[in-house]
Amino acid sequence: MSDPVLSVNELTVSFGTRRGRAKVVNNFSYDVGEAETLAIVGESGSGKSVSSLALLQLLPTPPARVEGRALFRGADLISMTKSEIRGVRGNRVAMIFQDPMTSLNPVRTIGFQLMEPLKIHMGMSDTAARARAIELLDTVGIPSPGGRVDDYPHQFSGGMRQRVMIAMGISCSPDLLIADEATTALDVTTQAQILDEIRRLQEEMGLAVIWITHDLGVVAGIADRVVVLYGGSMMEESVIDQIFDERRHPYTRALLESVPVSGGDRPHRLKAIQGLPPDPTRLPPGCPFAPRCRHAVERCSNDAPRLRAPAEGHRVACHLDPADFHD
Amino acid sequence: MTAYVLRRLFQMALALLGVSIIVFSLIHLVPGDPVRVALGTRFDPDVHAALTKRAGLDRPILVQYFSWLGDAVRGDLGVSFRSGQPVADLLFERLPATITLAVAALFVALLVSVPLGILSAVRSGSKLDYGATAASQVAVSVPDFWAGIMYILLFSLSLRWLPPSGYVSFSDDPVEWLKHLTLPALTIGLISGSILFRFIRSAVLEALHQPYTRTARAKGLTERQVIWSHVMPNAWIPIVTVVGLQLGFLLSGVIVVEVIFAWPGLGRLALLSVQDRDFTVLQGAVLLIAFVFLSVNLIVDLLYGYLDPRVRQK
Amino acid sequence: SGDDGIDVSDAPADDTGDDDTSDDATGDDDSGDSRSGGVLLAAQGAEPDRLDPHLTSAFASFQVLENVYDTLVQPGADLSMEGALAESWEVSADNLTWTFTMRDGVTWHNGRAFTAADVEYSYNRILDPEAGAANAWRFGSVESVSAVDDTTLEIKVSRPTPNLLVSIGAFKGMAIVPREIVEDGTIDTQPVGTGPFKFVSSSPDQGIVLERNDDYWRADEGLPYLDGVTFTQIPDQTVKLTNLQTGEVDWVDTVPPQQLAGLEGDDSLVVMRVPGGDYHYFALNQNRPPFDNVLVRQAIATAINRGEIAEAAQFGAATANQAAIPAGTFWTYDYSPFPAADTDAAAALLDEAGVTDLTIEFLVSSEFPETVTQAEVIAAQLDAIGVAVEIRDVDFGTWLDVQGSGEFDAFMLSWIGNIDPDDFYYAQHHSDGGFNFQGYNNPDVDELLDAARVETDESARKALYEEAATAIIDDASYIYLYNPENINAWGANVQGYVVRGDNAVRFEETWLDG
Amino acid sequence: MTETLLDVRDLRVHFPIYSTGIRRKEVARVQAVDGVSLSIGAGETVGLVGESGCGKTTTGLAILRLVEPTDGSVSFDGDEVGNLSKGELRKLRKRAAMIFQDPFASLDPRMSIGDSISEPLLIHKLFPDRNDRIDRTCQLLEKVGLSPNYRDRFPHEFSGGQRQRVGIARALATEPDFVVCDEPIAALDVSIQAQVMNLLEDLQDELGLTYLFIAHDLSAVQHLSDRVAVMYLGRIAEVADRSQFSAGLKHPYAESLLSAVPIPDPHLERTRERILLEGDVASPLDPPPGCRFHTRCPYATERCSNEEPSLRDLGGGHQVACHLYD
Amino acid sequence: MTATSSRDDHYAGEPIAEHRSRLRATVDTILLNRLAVTGLIILLLLVIAAAIGPLVAPYGINEISIPDRLQGPSASHWFGTDDLGRDLFSRVIIGSRVSLMVGFIAVGIALLIGVPIGLASGFYGGAVDSWLMRLMDILFALPAILLAIAVLAVLGPGIGNAMIAIGIVYTPIFARITRGSVLTIKESVFVSAARSLGATDIRILRTHILPNVVAPITVQTSLSLAFAILAEAALSFLGLGVQPPDPAWGRMLAEGRGFFEQAPWMAIFPGLAIVITVMAFNFVGDGLRDALDPQQRSVIESRGQG
Ligand SMILES: Nc1ncnc2c1ncn2[C@@H]1O[C@H](COP(=O)(O)OP(=O)(O)OP(=O)(O)O)[C@@H](O)[C@H]1O
Ligand SMILES: Nc1ncnc2c1ncn2[C@@H]1O[C@H](COP(=O)(O)OP(=O)(O)OP(=O)(O)O)[C@@H](O)[C@H]1O
Ligand SMILES: [Mg+2]
Ligand SMILES: [Mg+2]
């Protein structure tokens with residue numbers, strides 16, 4: 001992959017808590033290329049949101065500490081000054097948040113919120129920004145956008161609000177869009193529409209996308225590559241087909257097996273992953289997944305596995321080989 | 001909307017009726033006889049009887065109440081027993097002073113509490129935050145009369161910056177008006193500001209932790225823009241309620257300050273009328289204060305609709 | 001009424017000190033020519049209620065009206081009665097007809113000429129209970145008032161009334177008012193008098209504005225000197241004084257006594273204290289046991305330390321006294337039967353009365369804060385003889401109510417502005433007296449007071465009053481405490497103002513320097 | 001089918017909408033549920049699916065009379081729920097429980113989970129002795145796979161899946177016969193979804209529970225349910241049993257819903273056909289006349305916009321409300 | 001599932017911890033909060049001072065000595081003397097009795113009446129709400145002092161009734177604040193959840209809604225406390241509260257105002273007493289609020305573990 005849009009290197013995020021430092025993201029590294037979609041999956045609390053918020057310096061920095069580098073077009077986002085990062089935010093890197101219901105300001109019109117980045121980053125006049133806002137609403141498929149720019153968020157349905165968030169994300173034609181569980185709150189029909197929308201924009205604008213989710217079905221539909229995160233550490237990374245076909249890491253496997261598949265008779269008892277995710281203030285010395293891993297051996301709980309590359313474009317952090325799995 | 005306002009006005013009329021009943025009950029409940037007070041030491045049973053009869057105070061209380069109510073509905077609030085002047089005249093010549101003071105005090109309160117509240121919330125846990133919080137606690141524990149005298153001794157007597165008391169109407173001399181207004185407004189404004197401070201701080205803190213604030217930051221807004229165009233518009237909503245209540249508190253809480261600063265307002269008039277058992281005036285003054293208070297509440301509720309589009313709809 | 005100028009009663013009268021202003025602290029009236037000009041800003045502690053002199057009872061109203069209205073006669077600097085609207089008067093040989101001759105050339109502020117008919121109208125208004133004036137008792141012996149012609153007024157009395165002049169002259173509630181403003185109802189809002197100042201306006205923000213009456217009947221003397229007087233109302237004592245200190249006002253009606261010592265060294269101000277006719281006292285309810293027992297009352301009168309009380313409440317601006325009338329007047333009677341703060345003697349008296357475990361509920365009012373202070377001091381003093389004091393501090397409206405209903409053990413107050421001894425004793429101690437709420441009933445005293453009322457010979461009259469006073473004091477009908485001084489303060493630029501013994505506030509001979 | 005435990009007939013729930021939120025004046029009515037009929041046999045699991053806002057939760061709440069139905073009847077084990085007195089209703093709630101949609105909101109944040117779980121015991125005076133109650137709480141916690149030592153912890157100390165387990169334990173405390181499971185897994189991530197679904201299955205096997213299982217995730221519903229009912233805008237569009245479901249749903253809305261479910265397999269996901277719905281989403285405030293789906297239905301005819309289709313049986317209990325199947 | 005399994009039947013071999021009640025947990029947490037403990041200690045000292053005041057006070061409350069009047073603080077008079085030469089330290093100590101009683105009881109009354117009214121009004125809505133809130137409007141619209149006078153006029157003067165009067169004056173504020181919070185809380189799913197379990201309205205109000213509206217009530221309580229202590233002074237002036245020479249802080253402050261220039265300590269010390277009480281109460285109130293919020297509680301507990 002030549003010249004990635006974003007290259008994250010050894011990103012580590014910790015929070016100072018009363019119970020000690022919680023390491024929430026550990027040495028996380030990945031690249032995203034032009035027009036590529038990278039999916040980050042992992043269960044709740046695995047550090048997906050935190051790792052992306054850290055990129056835009058959106059974490060509250062007294063409790064949070066961010067280390068590592070994130071080169072965006074060659075410039076390190078992590079070490080940028082306040083005003084530099086403001087120039088990037090919403091402009092070249094945009095973010096769509098997990099919850100569209102609360103991520104829009106309830107007392108500002110949709111138009112106001114859409115126009116803000118346009119005016120700040122593109123220096124547009126009010127009228128120009130407004131025209132562009134209407135255009136953007138149209139792009140994301142809001143019917144009769146001219147009549148709705150002056151509406152307030154509560155007058156929009158959940159699906160429409162999510163589209164507004166997307167419109168806001170793409171308004172300044174960013175190079176990179178980070179979508180954090182952008183569709184989790186929506187029902188399947190609306191979700192399907194939004195996924196189509198994103199794919200279309202990506203084709204049209206060459207946008208790089210980081211898509212954060214725990215829904216593997218969505219991943220299957222949208223991603224080019226997948227990163228699996230567990231307990232703040234990367235477990236596996238590969239192109240989409242490989243993950244589903246060759247799932248090397250026991251965690252990835254467990255994740256995929258726990259999903260009920262539609263169609264067919266009530267076939268099997270679901271394979272749930274037993275146990276709980278690790279406490280980020282007391283991370284086990286070895287592999288974070290070891291306590292819950294069906295295949296774990298002695299070594300797993302003492303020795304943190306390093307990332308290996310069993311195949312081109314496929315990295316995995318596990319001491320074991322799929323051949324050793326006994327199921 | 002119109003229907004809503006009408007409905008509220010009707011409810012307001014009911015509340016005023018309730019207020020009038022309570023105040024009227026004072027006549028029978030409070031010891032002290034207006035005629036006796038008016039006569040002072042010149043007690044003479046014949047004159048007492050004559051004056052009581054003339055004022056209609058010898059009639060049964062219900063008769064008195066309904067005749068008062070009948071007149072009041074027609075806009076006649078009666079005549080002051082104490083001064084022999086129409087109550088409405090007395091009230092309206094004093095209303096501007098009270099409103100001026102209440103509004104100025106609110107202005108001071110907002111001037112202090114809004115920036116401090118916001119700053120404390122934005123830098124919560126900082127020295128500034130602790131300092132402001134402690135100061136607000138001290139300010140509410142210091143009684144208004146005490147603070148008032150202190151300001152007078154400091155700013156008038158020692159520094160000679162401001163006149164110690166009195167009222168000059170704005171139309172007579174704007175500069176003097178402001179000079180006379182400053183100390184009394186400061187006295188209650190700071191107390192009320194301390195209360196507001198606490199509410200503003202928590203409202204801002206609340207809004208700061210909402211996801212839309214993060215969205216605003218993610219758009220590349222400066223911190224200032226985030227606060228003013230996203231945090232505050234939300235924070236105002238709860239603040240407005242408290243401000244409305246504070247204005248009510250100011251309207252009825254100015255009595256002591258009006259006395260200290262020889263401020264010719266309704267509060268002082270109400271106090272005098274209690275002392276002299278001048279019930280028609282008391283009745284009128286309390287009704288007027290209640291009316292302003294309830295109107296402010298109504299305005300606050302309407303303002304809510306303006307500030308919060310979720311309430312505004314339809 | 002004012003904070004230390006206890007409102008009770010018949011406030012002042014007025015003056016005519018035409019012997020000029022030289023005799024006082026304001027001093028230096030060296031140049032007669034500069035005595036004019038200026039508008040004096042006067043601050044009062046209380047708010048005038050209404051401006052009808054016949055109806056108001058507020059001291060604050062009289063402070064204003066004193067300068068607007070005239071009475072037929074008025075007290076001079078020595079408080080003896082001098083002519084005002086009446087130039088002269090005669091009493092018939094049987095002492096039952098008084099004939100007054102009106103002063104010539106007096107006009108009302110509205111331009112109409114003043115006549116005896118105005119006096120007739122005013123006095124009849126006072127006599128009519130329906131009018132609500134409540135001053136009719138001062139005319140207890142008056143049978144008729146009639147204007148014989150424009151300049152002659154005749155008052156017929158049922159019995160000799162040696163204090164008639166004081167009754168009509170010592171108190172502005174007996175002012176002469178013009179019929180027209182009563183009939184058109186403007187008397188409360190736009191008073192019209194014959195006095196040195198004309199009423200201009202009254203409003204809550206500007207106060208009460210008076211302007212010079214160019215046609216004042218003493219205009220030939222150049223009076224009044226001032227162009228006008230404006231009264232403002234500043235209820236708080238400290239603030240009122242601050243206004244004087246910062247020059248916002250020129251004159252204040254009272255000074256907090258604790259400030260006196262500090263102010264007397266300040267030469268930007270003049271503080272003037274004059275012994276007045278006022279007295280502070282308390283009375284025990286003789287309708288309630290054990291206060292019906294004279295021994296108990298005497299015990300209490302013996303136990304208290306009047307000097308300490310006066311010092312505590314007035315910070316030295318008072319003279320302890322066991323009698324009512326202060327030293328230095330014709331009527332002064334120095335009688336001090338009780339040993340001061342003699343707890344042993346007091347305890348012995350209580351023993352004799354067979355009273356133990358005595359608790360006295362003291363009715364006081366914060367409206368007159370010194371009554372509260374005095375009660376606290378008395379409570380401490382009586383503690384020494386095992387008498388407990390429960391202070392009941394109520395607002396004055398309630399105070400009057402409780403006093404009227406007799407539901408008290410003791411009340412404490414003061415009387416101000418009295419001149420004639422009848423004013424000191426009759427209403428308070430005669431069994432028919434209008435103010436005898438303590439229930440004093442001594443037929444001997446009644447007889448003496450009745451006799452004194454009609455005694456026209458001054459020294460005989462004085463003797464009668466002294467005899468009555470002896471009984472009143474011995475019986476402890478009132479337990480007298482002290483005579484406070486009348487205090488006013490003004491800026492150094494105020495000239496010619498005199499603090500009067502009767503507490504009347506008169507600006508006719510005052511002027512401002514510079 | 002076994003004996004009917006629950007029978008819902010023509011249930012309607014309309015919510016009045018008031019003006020300005022401060023003073024009440026009805027300006028509109030949300031027809032959240034508008035004529036739902038459904039029966040559930042003892043020991044059966046019936047799935048209820050449909051897009052967000054179609055009235056699933058409201059149906060569940062109305063069955064337990066947690067909202068007052070506007071119209072219709074609900075009979076539980078032969079008793080008409082609408083006629084129960086307050087006291088009888090409380091007894092019903094011992095037998096019929098609910099697991100709430102949102103595990104974060106349905107637990108009182110200021111109550112320890114032990115207290116939350118023992119609350120129904122207290123209410124129904126089941127274990128009067130405090131120690132017995134604690135024992136029972138521990139037992140319930142174990143049953144749902146949580147350590148009894150978590151008793152004194154508070155909801156914020158738990159993950160979503162754990163909270164959902166607490167919710168389940170609470171619902172099971174009184175040993176009910178019937179449980180409304182309102183999207184018990186929607187808020188959870190995959191690995192935990194599986195835990196909860198397994199748990200529900202185990203409990204059903206063990207205790208013979210009857211479930212009304214509400215979800216919008218069709219694959220999960222299908223996994224658990226004996227029969228599935230598809231709702232659209234306050235109405236039942238289709239009812240099918242497991243085998244009929246597998247054979248294919250008939251109602252155009254059900255079809256499109258199925259087609260939108262993402263499949264966790266990139267190959268299938270890439271190749272499958274999706275039926276994209278066009279047109280305006282109708283609002284329950286102002287539902288369209290005729291078939292409620294006609295505004296978005298690719299097969300809509302004139303008749304659909306005028307005439308309201310009723311549920312008709314396609315045989316074997318497979319019911320569809322669509323004019324296409326006349 | 002049977003009800004017979006015993007507690008030994010423990011889970012995964014972990015020993016079963018003792019059950020800790022809600023009250024216990026709350027108290028434990030307050031005790032871990034340093035400011036709250038400071039506040040508690042101060043309040044405790046004040047209460048002790050109030051209780052044994054006459055024993056520790058070096059002078060009597062009405063021990064007048066005119067020659068010693070208006071003395072500044074000194075070894076013999078720690079807080080100086082007032083205009084009658086009375087020892088201010090003794091008066092402040094003994095004054096705590098009335099002031100604390102007025103503060104706590106009056107605010108307690110306001111809480112006891114206002115909070116249930118707010119709860120009922122917010123919870124039931126509709127006509128109940130309309131009527132209760134109109135009633136509160138009436139009380140609220142009356143100037144506080146006049147309302148207090150009216151109440152005292154009915155009940156008769158006296159310190160006990162003054163507390164009731166002040167309590168009634170503050171009732172509508174508590175009612176409103178409570179109602180506002182209840183309106184949001186009652187929509188919570190956990191309230192429906194409780195109802196689904198068969199909980200009665202009373203139970204829901206008591207165990208679910210009330211603990212969740214504590215925070216705003218706490219803030220208002222500490223504000224009202226200060227005002228109540230001061231309001232007592234205003235009422236005393238009308239002869240309706242504590243009577244002289246019994247000291248109360250508010251009244252002492254008021255008396256001190258005439259002597260501000262000669263003897264500032266007359267006002268400063270009672271003023272300080274009020275400030276300290278209110279602050280101490282604030283500390284405790286904030287601690288209580290945190291302790292009732294389990295999220296905050298775990299933060300505090302973890303801090304306690306170091
Ligand atoms: N401000 C904070 N202080 C302390 N810990 C935090 C903070 N914010 C997040 N964390 C912790 O960081 C970890 C990762 O959180 P994150 O929000 O990234 O999870 P996620 O993978 O996005 O989960 P979800 O799927 O639920 O969104 C969690 O354990 C969370 O508790
Ligand atoms: N208390 C209420 N007042 C007014 N409208 C309501 C109320 N409760 C629900 N609604 C409305 O009724 C409709 C159905 O809501 P319901 O919660 O039953 O949907 P649902 O199918 O459970 O949706 P979801 O999948 O999002 O949970 C929605 O339009 C909702 O907005
Ligand atoms: Mg996240
Ligand atoms: Mg739902």
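Reckoned from all heavy atoms, side chains included, excluding hydrogens, waters and symmetry mates. In what follows, chains carry the letters A, B, and so on, assigned in the order in which the sequence lines appear, proteins first and then strands, with residues in each chain numbered from 1.
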Pairwise distance CZ(B:Arg214) to CG(A:Leu59) - rounded to 0.5 angstrom: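 Here the rounded value is 9.0 Å.
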
Between OH on residue B:Tyr212 and CD on residue A:Gln113, distance to nearest 0.5 Å: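 Answer for the OH-CD pair, B:Tyr212 versus A:Gln113, is 10.0 Å.
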
Please look at [X] and chain B and tell me whether the side chain, the backbone, both or neither of the residue comes under 4.5 angstrom of a heavy atom of that chain.
X: A:Ile120; result: side chain
X: A:Leu53; result: side chain
X: A:Gln57; result: neither

Worked verdict on B:Ser229 versus A:Glu116 for side-chain contact (heavy atoms from CB on, under 4.5 Å): CA-CA 10 Å; B:Ser229 37; A:Glu116 254 180 343; 3.4 Å; yes

Contact summary for B:Gly220 and A:His121, nearest pair of heavy atoms: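 Heavy atoms only, the tightest pair is CA-NE2, 4.0 Å.
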
Exceeds 12 heavy-atom contacts within 6.0 angstrom, atom CZ of B:Phe291: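 No, because the 6.0 Å sphere around CZ of B:Phe291 holds 12 heavy atoms or fewer from other groups.
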
Heavy-atom neighbours of A:Lys119 NZ exceed 12 at 6.0 Å: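 Enclosed: over 12 neighbouring heavy atoms sit under 6.0 Å from NZ of A:Lys119.
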
Chain B interface, residue from A:Ser103, A:Pro117, A:Gly90 that has the most non-hydrogen pairs under 4.5 Å: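 If we count pairs closer than 4.5 Å to chain B, A:Ser103 comes out on top.
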
Top contributor to chain A contacts, counting heavy-atom pairs under 4.5 Å, from B:Gln225, B:Glu223, B:Lys219: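 Of the candidates given, the most pairs with chain A belong to B:Lys219.
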
side-chain contact (heavy atoms from CB on, under 4.5 Å) between A:Asn105 and B:Thr215, intermediate numbers included: CA-CA 9 Å; A:Asn105 193 330; B:Thr215 307; over 6 Å; no

